[in-house]
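Notes to accompany the following structure.
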Amino acid sequence: MTDQDLRLRLDIAYDGTDFHGWAAQKDPALRTVQGVLEDALSLILRTPVRLTVAGRTDAGVHATGQVAHVDVPASSLAQRSIDGDPSRLVRRLGRFLPDDVRVGAVSIAPAGFDARFSALRRHYEYRVCTHPAGALPTRARDTASWPHSVDVHAMQDAATVLLGLHDFAAFCKARPNATTVRDLQEFSWRVDGAASEQVYVATVVADAFCWSMVRSLVGACLSVGQGRRDVDFVAALLGQEQRSSQIPVAPAKGLTLTGVDYPGDDQLAARALATRARRDAPGAPTA
């Protein structure tokens, strides 16, 4: 970022069904959220741009509260008559973006803001239906199906065991030199709508997540809920040092990133510095 650049914050939602995840791929034929957004922004501003995101989502995963930042030349905003009011980009992006991506807000980022490193925590929801007929057609794209009846109270018991600061290696796909220690701050289950619809929603909040961690946490709870495993099995997983093949990974389509929390503006830079320091250390997390 140069003295002539301006950092913008984008608040983003997308249906991940037809995307190969957030991150741009080497193969341009693979459609990604980042690629679609960068193409639209570059076209509007007539300059190449690169987005930094709060949380990279995998293929098929959705978002209603994703956050990203982008550094753009102030001159490009002035030339497009949007300097001083970047919210004008919302309407222009709406004309260029497909129906499965939405930028709901664009604002000038506070000093020190980094969408990824300034974040305090990420919020996810997971929707799953156990009805024999599957999810309602209106929710079919964001609700996974599970082919067994479950006990939501048993699932909550399993989720409660996992709360706190732990090494979640058993729940994560390995990345070289990456720590799997995370602070799981909330993990709760509820019945959504009429009980007869058999739809369950998990709310999962942590400072950060490892690759496939949320879907593995959900899969472990579903196994307990259907009676295949017990709470002691879940507790024992916290003592393992590598990915467990006994944990089913819940389907991607049920997962949605619903929000990202940041500290006050006066603490953004310090938070980013502290997070970078941890992640640059040996064994630090990569995502």
Side-chain angles (χ1 to χ4, degrees), residues 10-43 51-68 90 93-105 115-116 122-148 150 171-173 189-190 192-193 197-205 209-219 221-222 247-260 287:
L10 285 73
D11 291 87
I12 306 163
Y14 46 87
D15 177 341
T17 305
D18 299 322
F19 287 103
H20 288 267
W22 164 269
Q25 304 292 315
K26 292 181 180 180
D27 182 353
L30 297 178
R31 185 171 183 259
T32 67
V33 183
Q34 182 180 9
V36 166
L37 284 168
E38 288 179 351
D39 286 349
L41 280 166
S42 297
L43 185 62
L51 288 162
T52 297
V53 73
R56 293 184 179 185
T57 50
D58 293 335
V61 176
H62 320 289
T64 57
Q66 181 69 277
V67 180
V90 172
L93 283 166
R95 294 200 296 265
F96 282 92
L97 291 173
D99 290 342
D100 52 1
V101 186
R102 176 180 185 266
V103 175
R116 178 186 178 193
R122 284 87 172 163
H123 299 249
Y124 282 88
E125 282 194 352
Y126 194 92
R127 290 179 54 86
V128 60
C129 178
T130 62
H131 195 287
L136 289 171
T138 53
R139 299 304 301 259
R141 289 171 72 92
D142 74 342
T143 305
S145 293
W146 189 258
H148 306 281
V150 294
F171 299 86
C172 301
K173 291 183 179 179
W189 284 92
R190 71 178 189 274
D192 188 61
E197 290 299 331
Q198 300 176 39
V199 176
Y200 307 92
V201 178
T203 298
V204 192
V205 181
F209 291 93
C210 311
W211 187 16
S212 86
M213 178 176 163
V214 180
R215 292 163 59 198
S216 296
L217 292 171
V218 168
C221 288
L222 288 169
I247 303 175
V249 179
K253 68 184 297 184
L255 184 60
T256 301
L257 173 63
T258 59
V260 184

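All residue numbers in this chain count up from 1 along the given sequence.
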Hey, could you give me the [atom1]/[atom2] distance between [X] and [Y], rounded to the nearest 0.5 Å?
| X | Y | atom1 | atom2 | value |
| --- | --- | --- | --- | --- |
| Gln25 | Leu30 | CD | CG | 6.0 Å |
| Asp15 | Asp142 | CG | CG | 8.0 Å |
| Ile247 | Met213 | CD1 | CE | 10.5 Å |
| Arg116 | Leu51 | CZ | CG | 14.0 Å |
| Tyr126 | Leu217 | OH | CG | 12.0 Å |

What pair of heavy atoms forms the shortest contact from [X] to [Y], and how long is it?
| X | Y | result |
| --- | --- | --- |
| Ala140 | Ala135 | CA-CB, 4.3 Å |
| Arg122 | Ala54 | NH2-O, 2.8 Å |
| Thr52 | Ala115 | O-CB, 3.5 Å |
| Ala252 | Ala59 | CB-O, 3.3 Å |
| Ala24 | Gln34 | N-OE1, 2.9 Å |
| Ala40 | Leu97 | CB-CD2, 3.8 Å |

So [Y] and [X], do their side chains get closer than 4.5 Å, heavy atoms only?
| X | Y | value |
| --- | --- | --- |
| Leu222 | Pro248 | no |
| Asp58 | Trp211 | yes |
| Val53 | Val67 | no |
| Tyr14 | Asp100 | no |

Q. Thr203: what forms a side-chain contact (heavy atoms from CB on, under 4.5 Å) with it, not counting sequence neighbours?
A.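 In terms of side-chain contact (heavy atoms from CB on, under 4.5 Å), with neighbours along the sequence ignored, Thr203 is linked to Glu125, Glu186, Ser188, Arg190, Val205.
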Q | Side-chain ion pair, Arg141 and Asp18, N-O less than 4.0 Å | A | yes
Q: Could you give me the CA-CA distance, side-chain angles and deciding distance for Val150 and Val128, then say whether side-chain contact (heavy atoms from CB on, under 4.5 Å) is met?
A: CA-CA 11 Å; Val150 294; Val128 60; over 6 Å; no
Would the distance check show the side chain of [X] and the main-chain N or O of [Y] forming a donor-acceptor pair, the cut-off being under 3.5 Å?
| X | Y | result |
| --- | --- | --- |
| Gln66 | Gly55 | yes |
| His62 | Lys253 | yes |
| Arg127 | Gly254 | no |

Q.
Quick check on side chain to side chain contact (heavy atoms under 4.5 Å, CB included): which of Thr143, Leu136, Asp192 does Glu197 satisfy it with?
A. Leu136
Q. Knowing that exactly one of Val218, Thr256, Thr258, Leu255 qualifies, which makes a side chain to side chain contact (heavy atoms under 4.5 Å, CB included) with Tyr124?
A.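 Between Tyr124 and the candidates, side chain to side chain contact (heavy atoms under 4.5 Å, CB included) is satisfied uniquely by Leu255.
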Q: Go through the steps to decide whether Trp22 and Ile12 satisfy the test side-chain contact (heavy atoms from CB on, under 4.5 Å), and finish with yes or no.
A: CA-CA 11 Å; Trp22 164 269; Ile12 306 163; 4.2 Å; yes
(Q) Could you walk me through whether Val61 and Leu257 satisfy the side-chain contact (heavy atoms from CB on, under 4.5 Å) test, starting with their C-alpha distance in whole Å, then the side-chain angles of each, then the deciding distance to 0.1 Å, before giving a yes or no? (A) CA-CA 8 Å; Val61 176; Leu257 173 63; 5.7 Å; no
**Q.** Exceeds 12 heavy-atom contacts within 6.0 angstrom, atom CZ of Arg102
**A.** no
